[in-house]
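Have a look at the structure below before the remarks.
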Amino acid sequence: MPEPTKKDEMSNGEKESVATDSSEAPMPTPEISLEVSPPPAEQPVETEGKDPQPIEVLKPVQPEPVENGSKEPEPEAVVVGAKEQVESVNSEVKEEAPSPCSPPPPATVKEEAEPVVTEVNQPPEPVVTVVTPPPPPPPPEPVVTEVTQPPEPVVTVVTPPPPPPPEPVVTVQVTPPPPPADKDDDGTTNTPSPPPPPEDANTVKKLSIELPNDSVHVSAMGRKDSVWSLGEGQAPEDLDKPVDTPPLSSLLIERPQGGSITVGGDISFVAKVEAQDLLRKPTIKWFKGKWMDLASKTGKHLQLKETFDRRTKIHTFEMHIIKAKDNYAGNYRCEVTYKDKFDSCSFDLEVKELEQSQSVDIRSAFKRSSEGHEDAGDLDFSGLLKHRNQREPKQDETPEVDVWEILKSARPDQYEKIAFEYGITDLRGLLKRLKKTKKEEKKSEAFAKKLDPAYQVDKGGKIRLVVDLADPTVELKWYKNGQEIRPTPKFIFEQKGTQRILVINNCGLNDDAAYSVAAGEEKCTTELFVKELPVKITKEIEAVKTTVNERIELECEVSEEGAQVKWCKNGVEVPTGPRSRYRVKSEGLKHWLIIDDASKEDTGTFSLMASGGTSEAKVQVELKPLKIIQDLQDMTVLLGQPLKMHCEIFPGNVPGRWYRNGQLIQSNDRINILQRAKNHRLEIVNSTIHDAGDYTFVPEGYTQSLCAKVHIVDPPRVHLESLNFPDNTVTIVAGNKLRVEIPISGEPAPRVVWMKGERVILDSGHRVRAETFSDYTSLTIDIAEKEDTGNYKIVLQNEAGEAGASIKVKVVDIPDPPEVPLVTEVGGDWCSMTWEPPIYDGGSPILGYFIERKKKQSSRWMRLNFDLNKETTFEPKKMIEGVPYEVRVFAVNAIGVSKPSEPSKAFVPLAVTSEPTMLVVDDVTDTTVTMKWRPPETIGAAGLDGYLVEYCIEGTDDWRVTNKELTEKTKYTITGLPPEAKILVRVRAINAAGASTPRTLQHSILVKEVIEPPKIRIPRHLKQTYTRKVGEAVNLVIPFMGKPRPKVSWLKEGQTVDPTQVTIRNTDCDSIIFIRKAERKHSGKYDMKVEVENHVDTAIIDIQIVDLPGPPQCVKIDEVWGGNVALDWTPPKDNGNAAITGYTIQKADKKTMEWYTCIEHYHRTCITITELVVGNEYFFRIYSENMVGLSEGATQTKDSALIVKEGMQLKNPEYIDHDFKEPPKFTQPLINTFAIAGYNATLNCSVRANPRPKVIWMKNKIAIIDDPRYRMFSNQGVCTLEIRKPSPYDGGMYSCKAINDLGDALVECKLEVKGGFTFSELMQRGVPLHLIDKYMSETKVVEQPEK
């Protein structure tokens, strides 16, 4: 059942009374007499909570068990339900709200006549609990409750049956308090509370919380009927429907446990699922309340985590709540599903307020108790009356604010806000005290009679809520927990005169809520309490006698479906957690307690406790004969490795003890003893020599035992650390002897193998051999060679295992010779050379190189350097020009000098030529300068490769190379010069030795040319129309003259020529127009314009592209007479861009449909066909013809011509079909619209057109394409644009355009979006910053005119 809140804290509708608690310990009075008489007529009796139900008496029932029962039980007085009900105020004995694990409250039995009991408010006196027994008093049955403090005196008031006079006398009996409970006894009887079972499917928790949101209103906290957010998953009217869930199965091996934290604290809930039998990861869901899935609420306050341990094969699911708030409290649920398996667990979270200094003012009096015992967190209205061991001194100061006066002058809908503002959490108790204060009631203008403060009804019963209206015409609305009530078979609205009645049929627990009725601006509220009947046992539990490891099912049947029951063993509640051996199942009225694997400890008395009774049965479990399924095995274990021994016996779940050499083995950090069902394991983490011996496993309760032997061996090891060689590398000079000794160990003595690569080194080798002794092994190389360099591997083996190691032997020698040197550059008496280092450096770094040279014809080498050259480059000097030379290189390391490299290719030192001569200007244009010169006087042995021409603008030193490649000619034209610029020119001669000294022109050159007017020379065949067929290529060359180079431009029909259609290439003397594949659109007049400064010349080229014509139009038979047929037609719509030269007419007999030509090259559009055969029926078709040829298709007559005899022909009338085609036309335009931000908006218009038009929607004249914020519909000409949740940024001009072959139409409207978003909301939506700034500025501009 859901946790009680403000509204259902008192399950039977009792009213509470408060009395101030004195500083002294209250002493019970020996006897108290109360005289109860009806009030006089002029003074009506003031009662609380008027209830239209008849007065009820709650009879005592069987004792009710207490959860978490670590407290001393104490008899509790049974409460009377009347028009004025008084609450038991014993400070530690009070009525508990039902919880998921506790049975329902005691049943209520109606009596026909009860006295009317009024409330006696005497602050200094102790509070009295009134008990009205039935006329035949039954034997008293105490109710078990939890006591955490020394109990207060219990005062019982006994009211006899009502006598005939109307003034009954009430006798009060005072019972002395029992001795206080011993704390030690409490500790011994402490039983942990089992985790709460899954919520009933018919119970709906409406209290919900959205963790990431920090703005939950305070008034929505604390009530079970306050719904913070319904979301979109389930409608409010569907909340009362049961939730279908799969059958439960045991997936969870560890269930999340409830807990409590203070505001701002962190807490974690853990659920574990064993994946031993699962093929994939199970699915887990975390819920708040009944339906809120927390997967979508993760954020800074909620985090979900999943991990998987491959060793134990356990999935761990965690839910972390960070910086909890007070509204995070409530019931949570964890659901796990895997294929057809399902498991669920509920748990509670309690969020406590931070401790504050208590005072005796009203704000501290009506706060919840949070002292950590059983009822922590419940409303504790009687907190001022409790006697505590550690009572704070009473404060004499009065509160700074008089909350009573504030509440008296406030409206009822402001009570929660005031309570939150002044820290009052027990709002219900505060309101009860407020009702006792005299307050002027404002006369209602809408209600002649309001609802009573509260109503009470039995579960399954019917109730009527009646109000009387002062104005019958006022609109009336009924609400349940703030949600409007609609007429249904459950809720029926009735009307009698000015009375308005709400009838609630078949009341259930979900109808236990706050109801209100609104008439215009006024509103009155009430609360409805639904009582549950006691659950009785209809079928008792049967006794069971079985053996160990068998399945036990205890079955019991109760009187109500979904009832909360409690299973106990020997008076202690049975644990049903995820790792418990007990499982509880219920189906309809039946309840089962299942023990899948019974043990001897399960022997005892099992009982089922319900609110209406208890059923008990005895269970006896005996041992089975022992059967060894798997015996212990002898083992050999490596020293330091884990030792694991395993055996399997039947029956399972039989504990046992392990022994080694007769000594009992105890679990510690190194030794782990495990038992799971039939399997028993002994695991030792790191085995030692002392772990060897005889092991024995003795099952408990049996004389048989299982034995095995364990032998510990030591694997071989190689001790390279004793060599002290860096990186295990041994260096030896080639030709010397090497001997390496390496210590080894192992028991028994290992066999040693030396290997280099795949080759095994034997002890009988001649030059290289390996030897092994008791504690070391050695490698010997008599004369080290270069090939001995490498990794040598040592492998040790014995029966305990295998070990290996490797050492590296490095043989050093003189390096190999360097690579052949390469001469990269040659001068007149020098050169530049480079080479690559030797491939093998001899095992030692190269220190430097020696260089030698010689003449090619000589055999005498001369060393060029006596100090080592560190680099791989060198520059020999002082050589004779024109003489071929060779060079070679030696490499040097710490061992010595290598052999010389191969000689380089022969090279000849060469010098550059002298400068060119006689440099002069040959020609000048506006952009070019042509220069001429003579070869240099001295060329030399290297010869002449070419010339390099450079220029610079006068006044600068920026010389630019004009020819990227050398020119062998003595004449060159410099192009791309700026007009009217002055330049300087120079020329260099280039050969293999390099560039010569430049020859520079003495004076500057002005870049300017003499103007020659342009002149176009049109070829003769282009002076008339140039005709080509479609698909042919057009290539026209039009020469012209002019200087400097003329500027040429082309126009077609006054428009610029499209370069993608026509290619135009211009040179200095002509212009080429090229069309690769001519089309008819290329036809037209092309204007050519040639310009030289202010001089212009033009020409027109007429190009005609012709194609085959189309067929004639509307060929029809005008008249048929005798053997003649008159035909008429109209010229073709498309003449192929050429004149129609004639027509070809053909005829065909209808029987054969073979076409024959009647006439060709006919020029007119009408003709008479003669000499037709009488009795035949003819069709006719006509081809068009132009200069290209006949049309591809012919137009045939629709009708045939039947040649009949004279006087027998009937001419049928002709009918013209109506043309329904029309261009688009909007019959309903768009209308300017205002939209609200966040709510969908639609724009509608209607259009008529044939054929069906294409509709395009635009915003600010930009087409809307593939935008998920817009949806477009078109149905029967009605066009709709839906804008999803618009923002002010979506405002603007929207237009709808309809297009078909006959035309188009356009309508527009303006959309304005009111309301908007904050800067943070726009950032969360991902809107760019520049758009946010624009939107914020526009919003300010719009808001200012409105103000």
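FYI, the numbering just counts along the sequence from 1.
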**Request:** Take Ile807 and Ile742, measure what side-chain contact (heavy atoms from CB on, under 4.5 Å) needs, and give me the verdict at the end.
**Result:** CA-CA 10 Å; Ile807 63 172; Ile742 301 175; 4.0 Å; yes

Is it true that the NZ or CZ of [X] lies under 6.0 Å from the centre of [Y]'s six-membered ring and within 45 degrees of the ring axis?
X      : Y      : answer
Lys786 : Tyr840 : yes
Arg888 : Trp861 : yes
Arg988 : Tyr947 : no

If you take all heavy atoms of [X] and [Y], which pair is closest and at what distance?
X       : Y       : answer
Asp1097 : Pro1014 : CB-O, 3.8 Å
Ala995  : Ile990  : CB-CD1, 3.2 Å
Ala989  : Ser914  : CB-O, 4.1 Å
Val929  : Val1007 : CG2-CG2, 4.1 Å
Gly896  : Pro815  : O-CD, 3.9 Å
Thr917  : Pro935  : OG1-O, 3.2 Å

Give a yes or no on whether the backbone of [Y] and the side-chain of [X] come within a donor-acceptor separation of less than 3.5 Å.
X       : Y       : value
Thr834  : Thr872  : yes
Thr962  : Val949  : yes
Thr928  : Thr975  : no
Asn893  : Asp813  : yes
Asn865  : Ile851  : yes
Ser1083 : Ile1105 : yes
Thr1025 : Ile1103 : no
Glu1012 : Met1041 : no

**Prompt:** Knowing that exactly one of Val718, Val752, Val753, Leu796 qualifies, which makes a side chain to side chain contact (heavy atoms under 4.5 Å, CB included) with Thr777?
**Reply:** Val752

**Prompt:** For Asp1070 and Ile1038, what are the C-alpha separation, side-chain angles and deciding distance, and is it a side-chain contact (heavy atoms from CB on, under 4.5 Å)?
**Reply:** CA-CA 6 Å; Asp1070 58 19; Ile1038 299 93; over 6 Å; no

Could you grab the distance from atom [atom1] of [X] to atom [atom2] of [Y], nearest 0.5 Å is fine?
X       : Y       : atom1 : atom2 : result
Ile1005 : Lys982  : CD1   : NZ    : 12.0 Å
Ser778  : Glu771  : OG    : CD    : 4.5 Å
Leu977  : Arg960  : CG    : CZ    : 9.5 Å
Met862  : Lys855  : CE    : NZ    : 9.5 Å
Ile1101 : Met1088 : CD1   : CE    : 8.0 Å
Thr780  : Asp782  : OG1   : CG    : 7.0 Å

Would you find more than 12 non-hydrogen atoms of other residues, nucleotides or ligands less than 6.0 Å from [X] atom [atom1]?
X       : atom1 : answer
Arg1065 : CZ    : no
Ile783  : CD1   : no
Glu902  : CD    : no
Glu741  : CD    : yes
Glu721  : CD    : yes
Glu968  : CD    : no
Gln857  : CD    : yes

Side-chain heavy-atom pair [X], [Y] within 4.5 angstrom cut-off:
X       : Y       : result
Ile846  : Pro837  : no
Phe907  : Val887  : yes
His719  : Ser745  : yes
Trp754  : Asp763  : no
Ile744  : Phe773  : no
Leu1001 : Arg986  : no
Lys793  : Val795  : yes
Gln1104 : Tyr1026 : no

**Fill in**
From the list Lys810, Arg767, Arg759, salt bridge (charged side-chain N to carboxylate O under 4.0 Å, His left out) with Asp788 holds only for Arg767

**Message:** Here's a test for you: under salt bridge (charged side-chain N to carboxylate O under 4.0 Å, His left out), which of Arg860, Lys854, Lys905, Lys856 qualifies with Glu886?
**Reply:** Lys854

**Request:** Run the ring-centre check on Trp933 versus Tyr972 and record whether the distance is less than 6.0 Å.
**Result:** no

**Message:** Can you confirm whether or not the ring centre of Tyr849 sits under 6.0 Å from the ring centre of Trp835?
**Reply:** yes

**Evaluation steps, side chain to side chain donor-acceptor pair (under 3.5 Å), between Asn991 and Thr913** = CA-CA 7 Å; Asn991 67 358; Thr913 67; 5.1 Å; no

**Asked** Cut-off 3.5 Å, side chains only: do Thr1060 and Asp1058 have a donor facing an acceptor?
**Response** yes

**Message:** Ignoring hydrogens and geometry beyond distance, is a side-chain donor-acceptor pair present between Ser806 and Asn791 at under 3.5 Å?
**Reply:** no

**Asked** salt bridge (Lys or Arg N to Asp or Glu O under 4.0 Å) between Lys1052 and Asp1087: does it pass, once the steps are laid out?
**Response** CA-CA 6 Å; Lys1052 178 187 176 185; Asp1087 297 333; over 6 Å; no

**Message:** Please determine whether side chain to side chain donor-acceptor pair (under 3.5 Å) holds for the pair Asp727 and Thr729, giving the CA-CA distance in whole Å, both sets of side-chain angles, and the decisive distance to 0.1 Å.
**Reply:** CA-CA 5 Å; Asp727 299 329; Thr729 301; 5.4 Å; no

**Message:** Between Glu1079 and Arg1028 (salt bridge meaning N to carboxylate O under 4.0 Å), is one present in this structure?
**Reply:** no

**Request:** Run the salt-bridge test on Lys971 and Asp922 with the 4.0 Å N-O cut-off and return the result as yes or no.
**Result:** yes

**Request:** With side-chain contact (heavy atoms from CB on, under 4.5 Å) as the test, would you mind laying out the steps for Val1048 and Phe1040 before giving the verdict?
**Result:** CA-CA 10 Å; Val1048 183; Phe1040 56 83; 3.7 Å; yes

**Derivation and outcome, side-chain contact (heavy atoms from CB on, under 4.5 Å), residues Asn869 and Val889** = CA-CA 10 Å; Asn869 182 37; Val889 182; over 6 Å; no

